[in-house]
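As structure tokens, the structure follows; a few thoughts come after it.
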Amino acid sequence: MARSDSPFSPASEPDRPADRPGAGPARILVVGGGGRENALGWALARCPGVEAVWIAPGNGGSDAIPGCRSLAIAEQDGDGLAAACQREAIELVVVGPEAPLAAGLADRLRRDGLAVFGPGAAGAQLEASKQWAKALMAEAGIATAGHWAASSREQALALLEQLNRPLVVKADGLAAGKGVTVAESVDETRAAIEAVFDGRFGAAGASLVLEEILSGPEVSVFGLSDGERLVLLPPAQDHKRIGEGDSGANTGGMGAYAPAPLLDAAGLEAVRRQVLEPTLAALRRRGIDYRGVIYAGLMLTPSGAQVIEFNCRFGDPECETLMPLLGPELAAVLLACARGDLASAPPLTTLPGCSACVVAAAAGYPGEVRRGDAISSSLVPSDQLQLFHAGSRRQADGSCVTAGGRVLAVVAQADGFDAAFERAYAGLAEVHYEGMTYRRDIGHQVRRRPEPQTT
Ligand code: AMP
Ligand code: GLY
């Protein structure tokens with residue numbers, strides 16, 4: 001296609017959405033390279049008025065999404081991304097992962113006057129520092145596990161000696177989801193403390209938080225914030241463990257479903273009032289204008305919902321699961337959040353029905369993984385079936401190979417969870433690569449038939 005005919009060519013006279021309150025953006029940049037960012041690109045490109053979505057850097061699947069194109073700029077390259085925004089007349093930037101947010105990418109782009117969905121470095125501390133997040137929760141009166149902060153090995157070991165029971169050990173900083181140990185004994189707690197201060201998590205382990213162990217099902221709640229107001233998405237449940245029956249090592253997430261019946265409408269409203277609104281108010285008291293996602297990881301304990309962690313971004317794979325359930329107002333809503341003007345946006349509708357997501361990983365995940373295996377797929381995407389690549393890479397000859405731990409996610413929707421998971425697993429059976437690893441029991445909490453039918 002000639003560049004001048006392409007929606008990906010620069011807009012000649014950009015009609016800035018700033019002139020049209022409540023209208024959606026036409027040209028969007030999504031920053032990140034995972035399944036989450038492909039799902040965001042897919043959902044945004046479907047919104048009316050959206051002409052083109054760039055995904056930087058994207059992955060092997062990004063260019064196959066209608067309306068999306070990958071852009072070979074690293075997610076940390078603020079100047080490169082800012083230049084691309086000027087060149088392509090970008091009207092909205094959506095930052096997917098936590099690392100660039102914590103490093104100040106949103107602040108950098110806002111300095112150029114860009115509308116950015118994603119908090120600045122100050123707000124991203126909600127995820128980037130467990131101690132900071134715990135202090136904010138204490139100040140805001142948010143229910144969370146009892147905790148003790150320690151900034152040296154001696155201090156942490158002295159606390160353990162005093163408490164003399166197994167605890168959760170969390171490296172303070174970003175550790176790619178690997179900095180948490182839920183210890184089963186005092187010895188295991190001690191070993192986890194030693195590992196943090198031995199530098200296993202690099203700079204993330206300069207200090208830590210010790211926490212009481214809670215128990216109960218976990219649910220992820222996402223609030224889209226414009227700094228003052230919040231729009232909540234349906235609750236989702238992730239599956240963190242690698243093994244069936246929720247066994248084995250923790251991962252980034254092996255599958256998810258939504259809406260999770262763990263929280264009904266009243267339960268979700270309670271989370272808004274008791275967790276998300278007080279968090280936003282506490283952020284404002286610190287002078288932080290938080291425009292992006294507040295992700296509350298909750299544990300539903302016998303004594304009520306408690307916050308396990310906050311993240312400053314969409315969950316992955318919850319995002320892949322949720323995007324197909326969101327209405328065509330999504331782009332306008334994210335832009336309104338980025339402009340601090342959610343009141344002007346149309347209400348975000350959610351579609352009825354259930355969404356099921358199954359992640360396929362590379363052999364060895366979450367440890368050392370195989371890479372470079374050819375991915376083949378005869379899956380035909382539809383309105384009810386999506387394939388989102390994550391750890392994949394397109395080669396010069398156009399073929400696609402595995403390039404990371406979580407390789408892809410298949411997502412399906414239907415009236416009920418049984419049918420949604422059957423459709424997702426049938427879709428997954430159309431995808432192949434050497435060493436493909438996935439759980440067959442995703443959604444066991446909501447399925448009547450635990451074994452998928454893949455015919
Ligand atoms: P995080 O990275 O903080 O989400 O922790 C990873 C996982 O560790 C969570 O999803 C929980 O399954 C578990 N976890 C974290 N904190 C606690 C806690 N206080 N009690 C029990 N399990 C926890
Ligand atoms: N799925 C969990 C996370 O994104 O942190």
Side-chain angles (χ1 to χ4, degrees), residues 32 34-37 39-40 96-99 101-102 124 126-134 137 142-148 163 165-184 188-189 192 196 201 204-205 208-222 233 235-242 246-258 260 293-303 305-323 357-359 361 366 388 390 405-406 409 411 439 442:
R36 169 182 49 211
E37 287 75 27
L40 283 164
E98 64 278 14
L101 290 168
L126 213 45
E127 174 165 4
S129 169
K130 305 255 185 211
Q131 289 189 0
W132 193 88
K134 279 288 194 185
M137 284 188 255
I142 292 167
T144 185
H147 79 285
W148 300 265
L163 295 161
R165 55 182 182 270
L167 298 164
V168 185
V169 181
K170 299 187 173 183
D172 184 63
L174 293 180
K178 299 192 177 104
V180 175
T181 304
V182 183
E184 288 180 3
E188 202 187 329
T189 312
V196 169
F201 307 109
L208 57 69
V209 168
L210 300 175
E211 256 183 46
E212 295 286 12
I213 298 177
L214 303 177
S215 64
E218 290 179 57
V219 62
S220 307
V221 175
F222 301 94
L233 305 189
Q237 187 167 38
D238 188 12
H239 296 62
K240 292 234 197 265
R241 305 300 191 97
I242 186 70
D246 295 318
S247 61
N250 259 325
T251 70
M254 294 301 292
Y257 63 88
V293 182
I294 302 179
Y295 162 170
L298 302 171
M299 193 170 267
L300 305 180
T301 74
S303 56
Q306 307 248 355
V307 175
I308 288 289
E309 61 166 349
F310 279 125
N311 294 314
C312 62
R313 50 164 176 94
F314 289 105
D316 188 343
E318 293 98 318
C319 185
E320 290 93 311
T321 316
L322 284 166
M323 285 300 136
C357 169
V358 183
V359 168
F388 296 124
R406 292 187 292 173
V411 190
R439 281 178 60 170
I442 302 298

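Every number for a ligand or one of its atoms is a count from 1 in the order of the listing. The first residue in the sequence is number 1, and the count goes up from there.
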Quiz prompt | N or O pair under 3.5 Å between Lys130 and ligand 1 | solution = yes
Exercise. Of the side chain and backbone of Gln237, name the one, both, or neither that has a heavy atom under 4.0 Å from an atom of ligand 2.
Key: neither
Quiz prompt | Non-hydrogen side-chain atoms of Pro166 and Glu184 separated by less than 4.5 Å | solution = no
Quiz item: Under a 4.5 Å cut-off applied to non-hydrogen side-chain atoms, are Glu320 and Arg36 in contact?
Solution: yes
Exercise. Please identify which atoms of ligand 1 are closer than 4.0 Å to at least one heavy atom of Val168.
Key: 16 (N), 17 (C), 18 (C), 19 (N), 20 (N)
Self-check item: Residue Ile213 vicinity, atoms of ligand 1 by number, heavy atom under 4.0 Å
Solution: 20 (N)
Quiz item: Taking only heavy atoms of Val182, which atoms of ligand 1 are found under 4.0 Å from at least one of them?
Solution: 8 (O), 13 (C), 14 (N), 22 (N), 23 (C)
Exercise. Please list, chain by chain and in numerical order, all residues satisfying side-chain contact (heavy atoms from CB on, under 4.5 Å) with Thr144, sequence neighbours excluded.
Key: Lys134, Met137, Val307
Self-check item: Numbering as shown, the atoms of ligand 1 that approach Glu211 to under 4.0 Å (heavy-atom distance)
Solution: 16 (N), 18 (C), 19 (N)
Practice problem: Taking side-chain contact (heavy atoms from CB on, under 4.5 Å) as the test, write out the residues that go with Gln306, two or more places apart. | Solution: Ala143, Leu214, Thr301, Ser303
Practice problem: Please confirm whether Gly253 comes under 4.0 Å of ligand 2, counting heavy atoms of the residue only. | Solution: no
Quiz item: Do Asp246 and His239 come within less than 4.5 Å of each other through their side chains, counting heavy atoms only?
Solution: yes
Quiz item: Does any N or O atom in Glu309 lie less than 3.5 angstrom from one in ligand 2, N or O only?
Solution: no
Quiz item: From Glu309 CD over to Leu126 CG, what is the distance, rounded to the nearest 0.5 angstrom?
Solution: 10.0 Å
Quiz item: Would Glu212 count as a contact of ligand 1 if the rule is a heavy atom under 4.0 Å away?
Solution: yes
Quiz item: Roughly how far, to the nearest 0.5 Å, is CG of Leu167 from CD of Glu211?
Solution: 9.5 Å
Quiz prompt | Numbered atoms of ligand 1 (with element) below 4.0 Å of Met299, judged on heavy atoms | solution = 21 (C), 22 (N)
Practice problem: Please could you name the atoms of ligand 1 that Ala145 approaches to less than 4.0 Å, counting only its heavy atoms? | Solution: 19 (N)
Exercise. Find all atoms of ligand 1 within a distance of less than 4.0 Å from any non-hydrogen atom belonging to Lys240, and give their numbers and elements.
Key: 10 (O)
Exercise. Could you say whether the N/O atoms of Lys240 and ligand 2 ever approach to under 3.5 Å?
Key: no
Quiz item: Would you say Gly315 has any N or O atom under 3.5 Å from an N or O of ligand 2, going by distance alone?
Solution: no
Exercise. Pick, from Val209, Val180, Val307, the option with the minimum heavy-atom distance to atom 8 (O) of ligand 1.
Key: Val180
Quiz item: Which residue holds the protein heavy atom closest to atom 5 (O) of ligand 2, what is that atom called, and what is the gap in Å?
Solution: Arg313 NH2, 2.9 Å
Exercise. Run the contact test for Arg36 against ligand 2 with a 4.0 Å cut-off on heavy atoms, strictly below, and give the result.
Key: no
Quiz item: Looking at side-chain heavy atoms only, is the closest gap between Leu210 and Val169 below 4.5 Å?
Solution: yes
Quiz item: How long is the span from the CG atom in Asp316 to the CD atom in Glu37, to the nearest 0.5 Å?
Solution: 7.0 Å
Exercise. Have a look at His147, Glu127, Lys170, Glu309 and point out the one with the heavy atom closest to atom 16 (N) of ligand 1.
Key: Lys170
